[in-house]
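Here is the structure we will look at, set down as C-alpha cells.
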Amino acid sequence: MNSKKLFLSLILGVFFTLTTCKTFAIQHEEHTAEAKNAEQEAFNPTTAILEHIADSHYWHLWGETSLPLPIILFTDKGTEFFSGAGFHHGHEAYQGKYYTYKLIDDKIRVVNAEGEVDKEASSHIYDFSITKNVLAMWIAGTLLFIIFFSVAASYKKRVGKAPKGLQSIIEPVIMFVRDEIARPNIGYRYERYMPVLLTIFFFIWINNLLGLVPIFPGGANVTGNILFTFVFSFIVLLVVNFSANKYYWKHIFMPPVPVWLYPIMIPVELIGVISRPFALMIRLYANISAGHIIVLSLISLIFIFKTLWIAPVSILFVLFMDVLELLVAFLQAFIFTMLTALFIGTAVEEHHH
C-alpha cells in the first residue's frame with residue numbers, strides 16, 4: 001500500500017514538474033520576445049517569480065492566451081465595469097467612462113493623455129475586480145459544495161451501509177478531523193464547531209492542491225496571499241472570542257497574579273488574544289509562499305545559467321519539492337485547523353476546582 005502511495009506521489013510530482021517547467025518556459029519566452037525590441041536584458045528571476053505568486057487581473061492559460069477577468073472600479077465619479085482584455089496584458093491603456101486606466105505592475109492606475117500616472121486621480125480609485133485569486137476561491141468553493149453535497153446525498157441513500165465511491169474517500173478525512181483535531185482539543189462540545197473546522201480544513205487543503213497545478217484551473221497562489229490568510233485568521237478570532245466563557249475573560253481581565261501586576265498582565269493577555277490568530281495568518285502565508293518561491297527558483301536556474309547541463313539537476317530538485325509540497329498542502333491545512341480547535345478549546349474550557 002505504501003509503495004502504491006509513493007508511486008502515485010511520484011506520478012503527480014512528475015506531472016506538476018513538467019507542466020510547471022513548460023508554463024514557466026512559455027512565459028519566459030514571452031518576456032524574452034518583448035525584451036528583444038529594446039536591449040537584450042538578462043533574465044531577472046525575482047521579477048518572474050513575484051509575477052507568478054502575485055494576484056493578477058487575467059489568468060494565463062497557454063502561450064499568449066489568457067483569460068481576461070472582469071474589472072470593477074469604484075471611482076469618485078461613479079462605478080466602472082469592463083473586461084481586463086482592454087489592457088492587453090498591461091501594454092495598452094483603456095479609455096473608461098470617467099478616466100483612462102492602465103495596468104502598472106498589475107495595479108490599476110489612472111493615466112493622463114501623455115500616459116503618465118495621475119497620482120491624485122489614482123488615489124480615488126478603489127479596485128473591487130474579480131482577480132485570479134478571487135476566481136480561484138470561487139472554483140475551490142464550488143468544488144467544496146460539490147464534494148460535500150454529493151457525500152451528504154450518499155449518506156442519505158446508503159443509511160447503515162458501508163461508504164462507497166467519493167464517500168469512502170472523504171469519510172476518513174472527516175473522521176480524522178473529528179477524532180484527531182476537534183474532540184481532543186475542544187472536548188465534549190466539539191460537535192457545534194465541526195462545520196467551521198471542516199470548512200477551514202477542506203477549503204485550505206483544496207486551495208493548496210490547486211495552487212500546485214500550474215495550468216487552469218490551478219496555479220493561483222490563494223493560500224500564499226496574506227489577505228486570504230488574514231480573513232481566515234480574523235474568522236478564527238471571531239469564533240474563538242464569541243465562543244469564550246466567563247472563565248476565559250476572567251483569566252484575561254483578572255489574571256491569577258497580584259493586583260499590582262494587572263497593568264502589565266492585562267495588556268499582555270489582550271495582545272495574546274490578537275497574536276494567536278496573527279501567528280496563524282503568518283504561518284500559512286509564509287509556508288505556502290516559500291514553497292512556490294523555492295520551486296520557481298529551481299526552475300529559474302535553467303534560464304540563469306542558460307545551459308542544458310543544469311536542467312536535469314533543476315528538474316530533479318523540482319520533482320522532489322513538488323512531491324514534498326503535496327505533503328505540505330495537507331500539513332498546513334491540518335496545522336491551521338488544529339490550532340483553531342486548540343484556541344476554541346481554551347476559550348470554552350470550564351474551570352475545575
Side-chain angles (χ1 to χ4, degrees), residues 133-134 136-156 163 166-167 169-211 220 222-249 251-252 272-288 328-350:
N133 282 347
V134 173
M137 283 191 287
W138 287 357
I139 293 171
T142 303
L143 286 174
L144 202 63
F145 274 107
I146 292 171
I147 290 169
F148 275 94
F149 276 111
S150 61
V151 170
S154 298
Y155 273 113
K156 291 178 181 178
L166 183 62
Q167 182 187 3
I169 298 173
I170 299 300
E171 183 176 309
V173 183
I174 295 173
M175 295 300 102
F176 173 80
V177 173
R178 185 193 70 180
D179 298 335
E180 302 297 329
I181 297 177
R183 188 178 284 168
N185 292 296
I186 299 176
Y188 71 94
R189 296 183 178 180
Y190 75 92
E191 287 186 353
R192 64 181 298 190
Y193 299 102
M194 279 296 292
V196 69
L197 293 177
L198 287 172
T199 303
I200 289 173
F201 179 85
F202 278 96
F203 196 67
I204 292 176
W205 192 21
I206 289 172
N207 275 298
N208 286 349
L209 291 175
L210 286 175
V222 177
T223 46
N225 185 304
I226 199 164
L227 294 178
F228 173 88
T229 60
F230 167 77
V231 171
F232 258 55
S233 301
F234 185 71
I235 292 171
V236 172
L237 177 70
L238 294 179
V239 171
V240 169
N241 288 286
F242 278 107
S243 301
N245 57 29
K246 61 181 181 181
Y247 301 109
Y248 175 81
W249 294 113
H251 182 80
I252 292 174
V273 170
I274 300 171
S275 65
R276 285 182 294 181
F278 178 80
L280 282 180
M281 174 184 76
I282 298 298
R283 180 183 287 105
L284 181 60
Y285 158 73
N287 280 283
I288 299 302
V328 172
F330 174 84
L331 195 61
Q332 289 304 316
F334 166 70
I335 291 172
F336 196 102
T337 311
M338 185 190 67
L339 291 176
T340 299
L342 183 64
F343 298 157
I344 293 172
T346 58
V348 302
E349 182 183 10
E350 294 184 2

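Residues: numbered from 1 along the sequence shown. All values below come from the heavy atoms of this structure, side chains included, with hydrogens, waters and symmetry mates left out. None of these values were measured; they are calculated from a predicted model.
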| query | Between Leu339 and Arg283, is any pair of side-chain heavy atoms under 4.5 Å apart? | reply | yes

| request: Output all residues satisfying side-chain contact (heavy atoms from CB on, under 4.5 Å) with Tyr155, sequence neighbours left out; order by chain, then residue number. | output: Val151, Gln167, Glu171

| query | What are the two closest non-hydrogen atoms of Ala136 and Ala220, and how far apart are they? | reply | CB-CB, 3.5 Å

| message | Within the structure provided, determine whether Tyr193 and Ser243 are in side-chain contact (heavy-atom separation under 4.5 Å). | response | yes

| said: Within the 4.5 Å heavy-atom criterion, are Leu280 and Phe343 side-chain neighbours or not? | reply: yes

| message | Within the 4.5 Å heavy-atom criterion, are Phe232 and Thr223 side-chain neighbours or not? | response | no

| request: Decide yes or no for Phe278 and Phe234: does some side-chain heavy atom of the first lie under 4.5 Å from some side-chain heavy atom of the second? | output: no

| query | Got Ile147 and Ile206 here, is their nearest side-chain heavy-atom distance under 4.5 Å? | reply | yes

| query | Please, which pairs that meet side-chain hydrogen bond (donor to acceptor under 3.5 Å, both in side chains) have at least one residue in residues 332-343, sequence neighbours excluded? | reply | none

| request: Might you point out which heavy atoms bring Ala140 and Phe203 nearest each other, and give the distance in Å? | output: CB-CE1, 3.9 Å

| Asn185 side chain to Leu342 backbone, donor-acceptor under 3.5 Å | no

| remark: Closest heavy-atom pair, Asn208 versus Ala333, reported as atoms and distance to 0.1 Å, is ND2-N, 4.2 Å

| request: Before giving the answer on side-chain contact (heavy atoms from CB on, under 4.5 Å), spell out for Trp205 and Val173 the whole-Å C-alpha distance, their side-chain angles and the decisive distance to 0.1 Å. | output: CA-CA 11 Å; Trp205 192 21; Val173 183; 4.1 Å; yes

| Over all atoms of both residues, closest heavy-atom pair of Thr199 and Pro195 | OG1-O, 2.7 Å

| Out of curiosity, Ser154 OG to Phe149 CZ, how far, rounded to the nearest 0.5 Å? | 13.0 Å

| said: Are Phe202 and Phe148, when compared by the centres of their aromatic rings, separated by less than 6.0 Å? | reply: yes

| request: Output the distance between atom CZ (Phe230) and atom CD1 (Ile282), rounded to the nearest 0.5 Å. | output: 11.0 Å

| request: List in chain and number order the residues that pass ring pair (Phe, Tyr, Trp, His ring centres under 6.0 Å) with Phe336, two or more places apart in sequence or in another chain; answer none if no residue qualifies. | output: none

| said: Restricting to non-hydrogen atoms, name the atom on Leu166 and the atom on Ser150 that form the minimum distance, rounded to 0.1 Å. | reply: CD2-OG, 3.3 Å

| request: Given side-chain contact (heavy atoms from CB on, under 4.5 Å), test Leu210 with Leu143 step by step and report yes or no. | output: CA-CA 11 Å; Leu210 286 175; Leu143 286 174; 4.1 Å; yes

| said: Nearest 0.5 angstrom please: Asn225 CG to Asn133 CG, how far? | reply: 5.0 Å

| Quick one: are Ile335 and Asn287 in side-chain contact, heavy atoms under 4.5 Å? | no

| query | Looking only at atom types and distance, does a side-chain atom of Asn245 sit under 3.5 Å from a main-chain N or O of Glu349, one as donor and one as acceptor? | reply | yes

| query | Roughly how far, to the nearest 0.5 Å, is CG of Asn241 from CD1 of Ile274? | reply | 9.0 Å

| query | Would you say Ile181 and Met194 make side-chain contact, with heavy atoms under 4.5 Å? | reply | no

| field | Atom pair CD1/CZ of Ile344 and Arg189 - distance to nearest 0.5 Å | value | 12.5 Å

| Candidate pair Phe176 and Phe334, rule side-chain contact (heavy atoms from CB on, under 4.5 Å), full reasoning | CA-CA 10 Å; Phe176 173 80; Phe334 166 70; 3.6 Å; yes

| field | Neighbour count above 12 (heavy atom, 6.0 Å) for Trp138 CH2 | value | no

| field | Closest approach of Ala329 to Leu209 (non-hydrogen atoms, all atoms of both residues) | value | CB-CD2, 3.9 Å

